Amino acid sequence: MSLKQLQDGDISYCLHHATSDANARMELLDFLNADVSLSDIWKVFSDSDARFAELALHLRGARVLRQDPLECLIQFLCSSNNNIKRITKMVDYISSLGNYLGTVEGFQFHAFPPLEQLSLISEEDLRKAGFGYRAKYITGTVTSLQSKPGGGAEWLESLRQLDLQEVIDALCTLPGVGLKVAACIALFSLDQPDAIPVDTHVWQIATRYLLPELAGSQLTPKLCIRVAEAFVSRYGKYAGWAQTLLFIAELPSQKALLHSHFWNIREHKAAKEKNGEADAR
DNA sequence: CTTTGACCTCGATT
DNA sequence: AAATCGAGGTCAA
């Protein structure tokens with residue numbers, strides 16, 4: 001799928017394997033989790049946390065995507081103890097082995113390799129490509145998936161029907177998948193909106209806003225569970241979405257945006273007052 | 001059942 | 001310029 005934001009703010013989309021326009025539209029809506037009503041969940045978030053009123057300035061349209069489970073799993077296997085730049089490089093390497101789709105504005109695009117293609121990659125290949133100890137996580141997980149009844153991809157998708165804890169338990173049987181990675185996969189691809197991936201950043205947020213009494217203590221598996229519970233009891237069934245929004249708002253790039261927006265409002269207001277207009281608020 | 005260290009690589013920091 | 005740190009963790013002892 002290709003997406004492009006146009007001048008007027010609309011998005012044009014192209015599904016490369018779509019059978020019809022209706023089919024392409026359906027797949028796009030599925031990917032965007034369009035069934036989830038943002039106004040409904042923002043109401044819940046805002047009612048229990050005043051900070052969401054401010055986040056709405058920039059993030060009110062933000063959605064948690066419904067990604068392909070296999071692609072999501074492999075991506076987060078790459079993410080452990082790692083930085084975004086290198087994760088991107090690693091995922092690009094794996095993707096380059098998938099079927100070539102076409103070139104857009106100089107960038108080559110490939111389909112994410114299905115399990116049969118992934119199984120052709122050796123641990124040695126991955127190590128040479130700079131995966132480090134994560135190489136054996138990938139090959140181990142691919143092998144484990146292929147031994148599942150139904151062939152792996154189906155097994156992964158079937159997890160969408162289960163409850164969060166069952167999903168986490170199932171994912172954690174795969175090599176390289178621990179609590180944090182399992183929660184990411186559950187939230188971003190397996191229909192578990194209450195999954196809370198607790199890493200050092202979320203820990204910072206949590207001890208600042210939700211559990212100040214725990215500030216300063218070390219992050220242990222037990223405390224991860226405490227944090228997850230705190231998020232769910234505060235924000236409800238879509239706590240994972242709330243957590244993602246708070247997480248995004250903490251990113252330097254977003255902070256800059258929020259800040260500039262704040263100043264834009266001030267300037268706008270000042271300009272209006274200068275022109276003798278009444279302030280609407 | 002909790003705690004600790006090793007594990008690959010790559011930039012940024014010192 | 002060479003050494004050290006730590007990055008959205010996991011696993012095994």
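Predicted model, so just to flag it, every value in this text is computed and none were measured.
For the pair A/E123 CD and B/dC7 C1', the interatomic distance rounds to 12 Å; values are reported in whole Å. In this structure, CD1 of A/I138 is placed 13 Å from C1' of B/dC8, rounded to the nearest angstrom. The CG-P distance, from A/L223 to B/dC1, rounds to 17 Å in whole Å. Atom CG in A/L77 sits roughly 15 Å away from atom C1' in B/dC8 (whole-Å rounding).
The P atoms of B/dC8 and C/dA13 are separated by 15 Å, rounded to the nearest whole Å. The P atoms of B/dG5 and C/dC5 are separated by 14 Å, rounded to the nearest whole Å. The gap from the P atom of B/dA6 to that of C/dG8 amounts to 22 Å, rounded to the nearest Å.
Counting only N and O atoms by type, the side chains of A/D92 and A/S95 include no donor and acceptor under 3.5 Å apart.
Among the atoms of the strands shown, only primed sugar atoms or phosphate atoms (P, OP1, OP2) are found under 4.0 Å from some heavy atom of A/K136.
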Parsed dot-bracket for DNA chain B after applying the Watson-Crick and G-U rules with both distances under 3.5 Å and | for other-strand partners is ..|||||.||||||

side-chain contact (heavy atoms from CB on, under 4.5 Å) for A/F45 and A/W241? Distances and angles first, verdict last.
CA-CA 10 Å; A/F45 298 164; A/W241 288 53; 4.1 Å; yes

Decide yes or no on side-chain contact (heavy atoms from CB on, under 4.5 Å) for A/Q192 and A/D194, but give the supporting numbers first.
CA-CA 5 Å; A/Q192 309 294 324; A/D194 51 341; 4.3 Å; yes

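Relative ring orientation between A/F188 and A/F76 is described as parallel, the plane-to-plane angle staying below 30° on a 0-90° scale split at 30° and 60°.
By the 6.0 Å contact criterion, CG on A/D40 is enclosed, its count of non-hydrogen atoms from other residues, nucleotides or ligands being greater than 12.
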Determine, for nucleotides 7-13 of chain C in 5'-to-3' order, which nucleotides have protein heavy atoms under 4.0 Å from the base (write B), from only the sugar-phosphate (write S), or from neither (write -).
BBBBS--

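Scanning for ring-ring contact (aromatic ring centres under 6.0 Å, His included) contacts around A/W42 gives A/F52, with sequence neighbours left out.
Inter-residue side-chain proximity for A/V64 and A/L245 is flagged as unmet; no heavy-atom pair is nearer than 4.5 Å. Residues A/L6 and A/I11 have side chains not in contact (no heavy-atom distance under 4.5 Å, counting atoms from C-beta outward). Put simply, the side chain of A/N99 does not reach to within 4.5 Å of the side chain of A/H110, judged on heavy atoms.
For the pair A/K222 and B/dT2, the criterion of a side-chain N or O lying under 4.0 Å from OP1 or OP2 is met.
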